Amino acid sequence: MPSIAIVGTQWGDEGKGKITDYLAEEADMVVRFQGGNNAGHTIKVNDETFKLHLLPSGILREGKLAVIGNGVVINMAEMIGEMDQITKSGRKLDGLRISDRAHLIMGYHKKLDGAEEIYRGDKTVGTTKKGIGPSYQDKIARSGFRVCDLFEDDALSEKIKFNVPYKKDLLKMLQGEQCECTEESLMEKFTSWRNIFGKYVCDTSVLLNDALDSGKTVLFEGAQGVMLDVDHGTYPYVTSSNTSSGGMCTGSGVAPNRIGKIFGCLKAYTTRVGEGPLVTELYGEEGKYLMEKGGEFGVTTGRGRRCGWLDLVVAEHSVRLCGITSLAVTKLDVLNEYRKINVCTGYEIDGKTVKHFPASLSKLGRAVPVYEEFDGWDDWDSSEKLASEGYAALPQNMRKYIEFIEKQLKVPAEIISIGPKRSETIDRR
Ligand code: GDP
Ligand code: IMO
Ligand code: MG
């Protein structure tokens, strides 16, 4: 089946960018299908480091198409900066394709994101303040700007007339940063975007399905993680899109029966940015140690990520919801030199052992993790050298850890990542 998908199984930042870049070698095109520039995917190519927010990771490999699907919300003003990062590195943007059905993030969406967060008082979500939620709100409310509108002055003008006074009133009501835009300034902006982005715009569903018909390999690059899914995550502490594999179909216009292998990217421990429950969280010095050892600082906002032990209740939720067929286990090297490592296999809630992730935040607040303890393993000199020697060369205790995860989740760990570089990867397929 010539399509491969990658989803985050936790709260994002599992290393999807690295794994997408690694697998992109085998693909003809890489597709983003949800989220926007709230995502931050770090990719190391030799000595270069790229931080991509919106551009699909395939943009770094020559001759591949990098497709932004209809389910993505696009901040065109900020994407220009990201495109500069690519061209400055000597790479081309020829392979970029943008769906004519994708929605736009406007300046007022960012302002509304900030204002809504303040309005929530001590119940903030801890969003990235990139305008993601307000842009998806407009999509669902049927008042958003779509990429195809850029080419039709009448459609633009009609939507501008509706949105400008509406958003200004809303921002006044929320006492947020006021919107200075006018009907004329917006029209000017749209015209410039039409000129810059016009050549990349097409019906990406037709593009992807034609490619699949002709035997090409399509790689779907998920953003965020299943626990941030608006339906299946820790609502309301979630993002505003479907991050699980269902979102892949609605967000790309490719039917479910065309999705082949689904990789779940699983970090060897847990992190989360922003507010919301995290049952296996490590506090104080323990949490800080893991945060620093793992370099757990947000790519998009720079915030320190909350850290904790691996949670297999979370992973089971993701495997079941997404139909994950293979795991890509990342950042195992960060656990080097721990004497003991814990893995959560269930929650104790009100005297009962729970194996499935509960919907209720109050139950999650009372959940006590049930841990299985593992012996740690020593550090090594070179991840690159170790990866070149293959799976059998890994420390025995690390293999025990990996094999326990596989057994519990009933999914093979086909990719093992022990460093940020392409060459620090063990492929067991
Ligand atoms: P994404 O959002 O899922 O793409 O992940 P991020 O890029 O936000 O965060 C993952 C971070 O871990 C990045 O800095 C990667 O370069 C890095 N990384 C990925 N895989 C590994 C690994 O196996 N080991 C280590 N040490 N770092 C990794
Ligand atoms: P990648 O693709 C980690 C989190 C935010 C916040 C919540 C809602 O790099 O894994 P939003 O701005 O989306 O409305 O914020 O979701 N969040 C992420 N956390 N990685 C991400 O993306 C995230 N994108 C959003 O921190 O808690
Ligand atoms: Mg990230």
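As the structure is a computational prediction, the values presented were derived from the model and not from experiment. Remember, it's 1-based here, ligands and their atoms both numbered in the order they're listed.
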Close-contact set for ligand 2 against [X] heavy atoms, below 4.0 Å:
{"X": "A223", "result": "2 (O)"}
{"X": "K16", "result": "1 (P), 2 (O), 10 (O)"}
{"X": "A39", "result": "1 (P), 2 (O), 9 (O), 22 (O)"}
{"X": "V238", "result": "7 (C), 8 (C)"}

Considering heavy atoms of the protein only, find what lies nearest to [atom] and give residue, atom and distance to 0.1 Å.
{"atom": "atom 16 (O) of ligand 1", "value": "P420 CB, 3.4 Å"}
{"atom": "atom 12 (O) of ligand 2", "value": "T128 OG1, 2.6 Å"}
{"atom": "atom 5 (C) of ligand 2", "value": "G126 O, 3.6 Å"}
{"atom": "atom 4 (C) of ligand 2", "value": "L228 CD1, 3.9 Å"}
{"atom": "atom 4 (O) of ligand 1", "value": "G17 N, 2.8 Å"}
{"atom": "atom 10 (C) of ligand 1", "value": "D13 O, 3.9 Å"}
{"atom": "atom 11 (C) of ligand 1", "value": "K331 NZ, 3.6 Å"}
{"atom": "atom 2 (O) of ligand 1", "value": "G40 O, 2.9 Å"}

Test: D138 and K167 ion pair at under 4.0 Å:
yes
Taking NZ, NE, NH1 and NH2 as the nitrogens, is one of them in E406 or R399 under 4.0 Å from a carboxylate oxygen of the other?
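No, no charged N to carboxylate O under 4.0 Å.
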Atom name in D13, limited to N/O/S, at shortest distance from the Mg ion (ligand 3):
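Nearest N/O/S atom of D13: OD1.
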So is [X] polar-close to ligand 2, meaning N/O to N/O under 3.5 Å?
{"X": "T239", "answer": "yes"}
{"X": "R303", "answer": "yes"}
{"X": "K129", "answer": "no"}
{"X": "V273", "answer": "yes"}

For ligand 1, is there an N or O atom under 3.5 Å from any N or O atom of [X]?
{"X": "L332", "answer": "no"}
{"X": "K16", "answer": "yes"}
{"X": "G419", "answer": "yes"}
{"X": "T330", "answer": "no"}

CA sep, side-chain torsions, deciding dist, call: K267, E296, salt bridge (charged side-chain N to carboxylate O under 4.0 Å, His left out)
CA-CA 12 Å; K267 181 148 50 179; E296 296 296 351; 3.1 Å; yes
Could you check if a side-chain atom of F220 sits within less than 4.5 angstrom of a side-chain atom of I4, using non-hydrogen atoms only?
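The answer is no, as the side chains (C-beta and beyond) never meet within the 4.5 Å cut-off.
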Side chain of N163, backbone of K159: donor and acceptor closer than 3.5 Å?
yes
With a 3.5 Å distance limit and no angle check, can you tell me whether T271 reaches the backbone of C307 through a side-chain donor-acceptor pair?
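Looks like no, no N/O pair under 3.5 Å.
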Just jot down the ligand 1 atoms closer than 4.0 angstrom to any heavy atom of [X], in number order.
{"X": "K18", "result": "20 (N)"}
{"X": "G15", "result": "1 (P), 3 (O), 4 (O), 5 (O)"}
{"X": "V299", "result": "8 (O)"}
{"X": "H41", "result": "1 (P), 2 (O), 4 (O), 7 (O)"}
{"X": "I418", "result": "23 (O), 24 (N)"}
{"X": "R305", "result": "8 (O), 9 (O)"}
{"X": "S417", "result": "20 (N), 21 (C), 22 (C), 23 (O)"}

Could you please spell out the steps behind the salt bridge (charged side-chain N to carboxylate O under 4.0 Å, His left out) verdict for K261 and E414?
CA-CA 11 Å; K261 201 161 190 159; E414 292 191 329; 2.8 Å; yes
Between D333, T300, N336, which one has a non-hydrogen atom sitting closest to atom 25 (C) of ligand 1?
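Shortest heavy-atom distance from atom 25 (C) of ligand 1: D333.
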The reported gap from CG in L96 to CE in M79 (rounded to nearest 0.5 angstrom) is 5.5 Å
Applying salt bridge (charged side-chain N to carboxylate O under 4.0 Å, His left out) to D13 and R305, what does each step give before you reach the verdict?
CA-CA 9 Å; D13 305 324; R305 297 171 181 152; 3.0 Å; yes
